[in-house]
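So the structure is just underneath, and the comments pick up after that.
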Amino acid sequence: MSSVTWKCPSNIALVKYWGKKGNQLPANPSISFTLSNCHTITNLTFKPKENDGTLLVSFAYDGQPMPSFEPKLEIFFNKVESLFPFLPGYILEINTTNTFPHSSGIASSASGMAALALCLCSMEKEIGNTLSDDDFFKKASIAARLGSGSASRSVYGPLAMWGQSNLYSGSSDEFALKVGDVHDIFKTYCDTILIVDEGTKNVSSSVGHSLLTNHPFAPTRFEEANKNLELLKNALAKGDLILFNQVVEQEAMMLHAMMMTSNPYFLLMKPETVAIIQKVWESRKQLGLNMTITLDAGANVHLLYPAAEKNKVQEFIKKELLPYCSKNHFIHDHVGKGPEQMA
Ligand code: PMV
């Protein structure tokens with residue numbers, strides 16, 4: 001019996017992926033900060049068996065069987081079958097744990113699917129196939145994408161982009177790229193996730209993506225995302241915090257505006273989400289702090305700020321934002337270097 005383990009962080013999109021086509025391909029390119037403290041650790045053990053064409057996989061979350069995850073996992077293994085044709089020759093055991101609540105709008109599917117994809121690539125190496133470093137991460141990104149689009153970006157830190165764009169040479173809808181040319185200030189940027197709602201989302205992101213298909217504003221949204229990517233690329237390279245703030249917040253608002261104008265329409269923000277956003281917008285000028293809000297497909301607010309402003313911002317969070325958090329719950333995180341193989 002052999003085993004591999006990867007620790008893989010979640011990510012927070014700055015330019016959002018919302019809407020897809022074909023085999024889990026994005027309708028527009030996206031870019032994200034790779035996080036650090038919010039991560040998944042996945043261990044994969046594998047033991048040879050007769051290759052009778054059937055997959056034998058067991059799955060545990062925090063040491064407990066998790067039947068609710070099994071359908072998603074089955075779909076994932078069907079999709080990656082041709083990438084890892086050796087899998088039916090093994091009995092697979094997956095053990096996974098998260099440092100943050102799953103299905104709460106913190107992208108647990110991103111870290112979870114990317115951790116699993118990295119384990120499968122490591123398994124491929126262990127059983128004797130050669131994969132160069134570049135091919136290893138590219139393949140992991142492709143496999144992760146097939147599980148969850150945003151997961152494609154979690155295999156690289158500190159920033160990753162996914163989706164074909166003339167702005168990034170070598171970019172593709174199939175896999176993510178590590179983003180170079182980033183000002184140092186963004187490589188240590190902080191992200192405090194203000195947990196407004198720890199429950200499961202009432203509309204899954206796969207349903208959300210599918211509602212873009214006949215969305216009246218979709219073509220404009222995809223154009224705007226491409227324009228925002230260009231603006232953000234410049235802001236990231238120059239360390240332009242004003243432009244960064246403007247693009248990132250507009251992206252968050254546009255993502256949720258698309259949800260509110262889908263047919264059927266839905267709303268993932270809670271009153272506390274709005275209260276936090278307003279408090280940040282009211283206070284930041286007066287306090288002279290570079291605080292930017294962004295949202296994922298959920299009610300929680302990500303507050304982004306430079307590491308140099310950490311003490312002041314965290315004091316502000318404690319004093320002003322904590323009352324809006326569910327059970328005073330928040331997670332201090334920061335931009336990280338990407339996944340790590342642990343065994
Ligand atoms: O990867 P998915 O299918 O869970 O979609 C994620 C979509 C957003 O989190 C809202 C945006 C993004 O680019 O991560």
Side-chain angles (χ1 to χ4, degrees), residues 8-35 38 40 69 72 75-76 79 98 100 102-117 141-156 159-165 171 173-177 179 191 193 200-213 215 218 221-222 224-226 228-229 232 247-260 262 266-269 273 293-302 304:
C8 185
S10 182
N11 67 75
I12 177 69
L14 304 171
V15 170
K16 311 289 183 182
Y17 145 61
W18 199 238
K20 55 179 153 186
K21 56 189 184 191
N23 191 9
Q24 190 88 325
L25 303 170
N28 64 261
S30 57
I31 186 166
S32 51
F33 276 153
T34 303
L35 298 177
C38 287
T40 298
F69 278 21
K72 205 167 182 187
I75 296 171
F76 171 74
K79 285 190 175 169
N98 272 354
F100 55 101
H102 61 83
S103 305
S104 65
I106 307 178
S108 61
S109 59
S111 55
M113 288 300 177
L116 181 54
S141 181
I142 293 172
R145 180 199 103 232
L146 292 167
S148 168
S150 56
S152 65
R153 299 184 309 243
S154 266
V155 307
Y156 299 107
L159 280 95
M161 70 80 56
W162 166 47
Q164 204 288 319
S165 161
S171 61
D173 285 347
E174 307 264 341
F175 51 83
L177 294 180
V179 175
D191 176 7
I193 305 157
T200 308
K201 292 179 272 186
N202 50 10
V203 179
S204 71
S205 54
S206 31
V207 170
H209 286 292
S210 71
L211 292 175
L212 275 265
T213 310
H215 197 299
R221 159 63 197 152
F222 304 144
E224 290 301 303
N226 277 285
N228 278 342
L229 186 69
L232 192 66
V247 175
V248 171
E249 290 196 341
Q250 199 213 5
E251 276 291 315
M253 294 299 118
M254 220 189 298
L255 169 69
H256 283 255
M258 295 307 283
M259 297 172 186
M260 291 181 221
S262 302
F266 61 104
L267 185 61
L268 296 183
M269 288 193 212
T273 313
I293 64 98
T294 191
L295 304 164
D296 225 322
N300 302 328
V301 181
H302 288 249
L304 310 176

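Both backbone and side-chain heavy atoms feed into the values below; hydrogens, waters and symmetry mates do not. Whatever order the structure lists ligands and atoms in, that order sets their numbers, starting from 1.
At least one heavy atom of Arg153 sits under 4.0 Å from some atom of ligand 1.
Aromatic rings from Phe175 and Trp162 are positioned such that their centres are separated by 6.0 Å or more.
Using the six-membered ring where Trp is involved, Trp18 and His209 have ring planes that are tilted, between 30° and 60° apart.
Applying the side-chain contact (heavy atoms from CB on, under 4.5 Å) rule to Ala115 yields the partners Cys8, Thr40, Thr42; only residues at least two apart in sequence or on another chain are considered. Under the salt bridge (charged side-chain N to carboxylate O under 4.0 Å, His left out) criterion, Lys79 pairs with no residue, sequence neighbours left out.
For atom 11 (C) of ligand 1, the nearest non-hydrogen atom from the set Trp162, Tyr17, Trp18 comes from Tyr17.
With a 4.0 Å heavy-atom cut-off, ligand 1 is reached by the side chain of Ser205 but not by its N, CA, C or O. Only the side chain of Ala13 comes within 4.0 Å of ligand 1, judged by heavy-atom distances.
Some N or O of Asp296 is nearer than 3.5 Å to an N or O of ligand 1, by distance alone. Close N/O approach between Asn11 and ligand 1 is not found [any backbone or side-chain N/O within under 3.5 Å]. An N or O contact shorter than 3.5 Å is missing between Lys20 and ligand 1 by distance. Not a single N or O atom of Ser30, backbone or side chain, sits closer than 3.5 Å to an N or O atom of ligand 1.
No option in His302, Glu249, Lys16 other than Lys16 meets the side chain to side chain donor-acceptor pair (under 3.5 Å) test with Thr294.
Listed for the Gln164 side chain is no donor-acceptor partner under 3.5 Å among the backbone atoms of Asp173.
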